[in-house]
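Presented below is the structure to which this report refers.
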Number of protein chains: 4
Amino acid sequence: MPAISPERMQDRYDAILDAAKRAFAERGFEGASIAEIARIAQISDGLAYRYFRNKRGLLFAVLQKFYERILVDLETQVFGKNRFRDRLEALIRRHLEVFVSDTDLCRLFIAEVRGASDYEGSAIQEMNRRYTSVLVRIVKDAVKTGEVRSDVNPKLLRDVLFGAIEHLAWRYVNGRGQLRVAQTARELTAMLTNGICVDR
Amino acid sequence: MPAISPERMQDRYDAILDAAKRAFAERGFEGASIAEIARIAQISDGLAYRYFRNKRGLLFAVLQKFYERILVDLETQVFGKNRFRDRLEALIRRHLEVFVSDTDLCRLFIAEVRGASDYEGSAIQEMNRRYTSVLVRIVKDAVKTGEVRSDVNPKLLRDVLFGAIEHLAWRYVNGRGQLRVAQTARELTAMLTNGICVDR
Amino acid sequence: MPAISPERMQDRYDAILDAAKRAFAERGFEGASIAEIARIAQISDGLAYRYFRNKRGLLFAVLQKFYERILVDLETQVFGKNRFRDRLEALIRRHLEVFVSDTDLCRLFIAEVRGASDYEGSAIQEMNRRYTSVLVRIVKDAVKTGEVRSDVNPKLLRDVLFGAIEHLAWRYVNGRGQLRVAQTARELTAMLTNGICVDR
Amino acid sequence: MPAISPERMQDRYDAILDAAKRAFAERGFEGASIAEIARIAQISDGLAYRYFRNKRGLLFAVLQKFYERILVDLETQVFGKNRFRDRLEALIRRHLEVFVSDTDLCRLFIAEVRGASDYEGSAIQEMNRRYTSVLVRIVKDAVKTGEVRSDVNPKLLRDVLFGAIEHLAWRYVNGRGQLRVAQTARELTAMLTNGICVDR
DNA sequence: GATGAATGAGCCTTCATTCAT
DNA sequence: TATGAATGAAGGCTCATTCAT
């Protein structure tokens with residue numbers, strides 16, 4: 001018989017994760033302290049280290065959970081459509097929406113993790129790969145159906161799309177300007193599918 | 001009458017800046033210490049605070065100087081061409097080249113400054129604006145000459161292009177993969193000018 | 001009626017003691033943790049505190065058991081001889097052998113216990129007293145038989161002998177140099193019995 | 001011109017060293033904290049790290065200074081005599097006196113340094129070597145003059161003597177029993193020079 | 001102007017021990 | 001009896017910044 005019930009352990013785990021999410025979101029990784037997180041979660045400092053390897057592991061767990069959630073959402077939205085253009089626009093829209101609904105977590109990932117050395121080979125990187133591979137899959141499908149030209153480089157497109165969105169969402173994430181989700185999704189879809197030049 | 005000549009002051013300034021550039025490039029902002037920078041520049045710790053407000057100001061000065069240099073290079077390359085496609089490809093190629101020639105400074109900017117709160121309203125941000133506005137200018141010119149469709153959103157294109165390049169250069173900056181400058185410039189130009197779809 | 005059989009309790013006790021012996025020997029007292037000992041003994045952390053007062057008590061129990069073993073061995077060897085010189089050499093040889101066969105436990109005792117304040121009045125100290133009193137006994141016997149001068153101070157001799165051996169064994173215990181047991185026993189016996197000076 | 005005078009630096013250095021000596025002596029190495037030492041020396045915590053590498057370095061510096069002092073004293077006393085027995089007795093007496101006059105430093109060295117891994121190859125070890133080599137020197141001299149038998153192993157004698165003294169002084173150092181310096185010096189000298197046996 | 005000594009706040013982590021289950 | 005979750009104190013060290021010289 002364990003000293004505490006599995007339910008309570010799970011509650012603790014969730015409480016710590018939630019506290020960390022809030023603290024990291026509000027103050028960033030460096031700015032937040034284990035002591036603060038423990039206080040919010042109403043646990044002792046040391047207990048955090050029983051549930052998570054260290055402060056960094058806590059950050060990764062927060063983002064892991066985040067990615068699990070948005071990955072399911074993305075797949076649901078994208079594969080609910082059949083035509084490539086609809087799928088692409090759905091992907092763009094959904095991805096933009098994440099920046100609106102989870103602004104702090106997005107900033108956290110971009111600012112504190114994606115550029116760090118321990119990102120390489122991490123579980124977060126694997127989640128990111130799965131997330132962006134949704135685009136690669138729909139492009140490959142569309143090449144088969146003839147909707148997309150066969151000489152298109154899917155990985156370049158992936159970089160273009162996710163790089164572009166991150167770039168334009170960054171202003172919003174940092175509290176300046178707004179993010180017109182539907183309109184941007186339409187425009188970006190058109191730009192990528194049709195190109196910007198008059199004649200070709 | 002100053003105690004030291006203006007020339008010597010400038011030398012000092014340059015020496016500190018150069019030392020900071022090296023230290024920040026090698027160890028990142030947090031990893032570098034004022035003591036180390038002072039040692040490289042062969043000055044005392046305290047003197048650094050006479051030339052720069054604080055460690056952060058030193059970082060900004062390093063990147064300011066960097067931006068001044070690459071801005072001139074970009075304009076030279078881009079406006080040396082006449083046709084829009086050539087200008088676009090030149091811009092992309094030049095921007096990619098910067099990631100190759102100044103890898104550390106690019107990582108520095110992306111990882112340590114662009115996501116920070118003090119970037120907003122800073123001189124660095126202004127330099128970044130000037131740098132990316134080169135693209136906006138050539139697009140507007142091309143709309144006038146009929147090379148680019150008039151319904152293209154220049155700012156969206158700017159985000160797409162610079163976001164895309166940053167995204168694909170990030171792998172290279174972090175030491176994994178290589179950066180095929182010429183080929184990527186060609187492919188990306190084609191993707192943006194022609195679009196990815198077969199019919200439109 | 002106990003919840004577990006006395007046999008099982010004894011097994012537990014022995015398992016913990018053995019685990020502690022290994023952990024302390026490998027990492028020293030500070031370096032070893034209760035958690036590690038519990039893991040080796042396949043018990044929980046808390047259970048260790050039912051069998052031993054605390055970490056320190058565990059260490060003392062380990063050394064207590066050790067002393068019980070070497071005390072019997074020493075008496076067997078020493079009192080198997082009749083002449084004083086033979087007894088003395090046997091004692092020295094046996095004592096030196098312990099440093100070779102139980103190097104880690106010797107270091108543990110010397111480094112972590114003998115200099116500590118809680119050694120005073122402890123059961124370990126009592127064991128040590130019994131161990132060293134073997135020398136005192138054979139000296140007193142030898143004074144009666146006329147083998148040893150009656151003005152010899154047995155306690156001073158005890159300090160000289162055990163201090164000397166510890167001093168010369170310390171190098172060996174710490175991994176530098178070797179310990180020539182038989183030769184050292186002979187030389188040391190001669191030095192103490194005959195003295196170092198030519199005339200007297 | 002330095003920011004503070006060399007005299008003031010030396011004063012600081014001495015103050016820290018003295019504070020450390022007191023703190024270590026009273027509470028042992030672990031028991032003393034940098035904060036406490038800094039408070040006694042009336043400096044800030046951080047400043048201690050400018051004068052000494054770390055807490056361990058501080059301890060070594062304290063003992064280094066101690067050894068320098070007692071080495072000079074020992075040589076003065078020992079080489080003030082001519083005959084071997086007088087020299088030996090002077091060495092023993094002087095060494096015993098150190099345990100009386102600098103009890104805490106002796107305990108510090110024995111308990112906290114001599115058994116530690118960083119002692120090996122340290123400056124302290126070198127000082128210790130010089131200190132004990134005084135005995136080796138007088139023995140070799142005495143072999144030449146015929147006072148000591150030529151088959152005596154000087155290094156074994158060194159271990160016997162210093163090991164013996166440490167052993168018998170340990171009780172005193174730990175506050176139990178007293179240390180009869182003159183009497184012990186006489187007895188020990190006799191024991192070592194004449195041996196303990198009646199006939200040989 | 002230049003120095004570098006001095007400051008002191010700040011933070012992660014470990015681990016012996018307790019106690020609810 | 002046994003578990004192991006929970007506690008929480010404790011401390012060395014770094015480093016940006018200031019200021020006396």
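Given the structure is predicted, the values throughout are model-derived calculations rather than measurements. First the proteins, then the strands, lettered A, B, ... as listed; each starts at 1.
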Could you work out which one of E/dA5, F/dT3, E/dT17 sits closest to the side chain of C/Ile34?
-> E/dT17

For A/Tyr51 and F/dA6, is the shortest distance between a side-chain N/O and OP1 or OP2 below 4.0 Å?
-> yes

Could you state the NZ-P distance from B/Lys55 to F/dT14, rounded to the nearest angstrom?
-> 14 Å

May I have the distance from A/Asp11 (atom CG) to F/dA5 (atom C1'), rounded to whole angstrom?
-> 14 Å

Starting at the 5' end of DNA chain F and moving along, which residue's nearest nucleotide shows up first, D/Arg56 or B/Asp45?
-> D/Arg56

Calculate the interatomic distance between A/Phe52 atom CZ and F/dA5 atom C1'; express it in whole Å.
-> 15 Å

Starting at CZ of D/Arg39 and ending at C1' of E/dG8, how long is that distance when rounded to a whole Å?
-> 16 Å

Contact class for A/Ala38 vs. all strands (heavy atom < 4.0 Å): base, sugar-phosphate, or nothing?
-> nothing

Round to a whole Å and report the spacing from CD of C/Gln10 to C1' of F/dT1.
-> 16 Å

E/dT21 - base-pair partner by Watson-Crick or wobble geometry, distances under 3.5 Å = F/dA2

Any side-chain N or O of A/Ser44 less than 4.0 Å from the OP1 or OP2 oxygen of F/dG8?
-> no

Greater than 12 external heavy atoms within 6.0 Å of C/Gln42's CD = no

Any idea which of F/dT7, E/dC12, E/dA2 is nearest the A/Arg12 side chain?
-> F/dT7

Return the value, rounded to whole Å, for the distance between atom CZ of B/Arg8 and atom C1' of E/dA2.
-> 10 Å

Paired with E/dT13: which nucleotide, if any, by Watson-Crick or G-U wobble criteria at under 3.5 Å for both distances?
-> F/dA10

Mapping C/Arg50 and A/Ala48 to their closest nucleotides on DNA chain F, which lands nearer the 5' end?
-> C/Arg50

From CE (B/Met127) to CZ (B/Phe60), nearest 0.5 Å | 13.5 Å

What distance separates D/Ser122 OG from D/Asn128 CG, expressed to the nearest 0.5 Å?
-> 9.0 Å

Is A/Asn174 close to A/Arg107 at the side-chain level, that is, under 4.5 Å between some pair of heavy atoms?
-> yes

Given atom CZ of D/Phe24 and atom P of F/dG12, what is their separation to the nearest angstrom?
-> 9 Å

By nearest-heavy-atom nucleotide on DNA chain E, the more 5' of A/Asn54 and B/Ile43 is B/Ile43

Residue whose nearest DNA chain E nucleotide is more 5′ - C/Arg53 or B/Leu47 | B/Leu47

Which nucleotide in E/dT3, E/dT17, E/dC12 has an atom nearest any side-chain atom of C/Tyr49 | E/dT17

Option passing ring pair (Phe, Tyr, Trp, His ring centres under 6.0 Å) with A/Phe109 (candidates A/Tyr119, A/Phe66, A/Phe29) = A/Tyr119

Distance, rounded to the nearest Å, where A/Glu30 contributes CD and E/dC12 contributes C1' = 11 Å

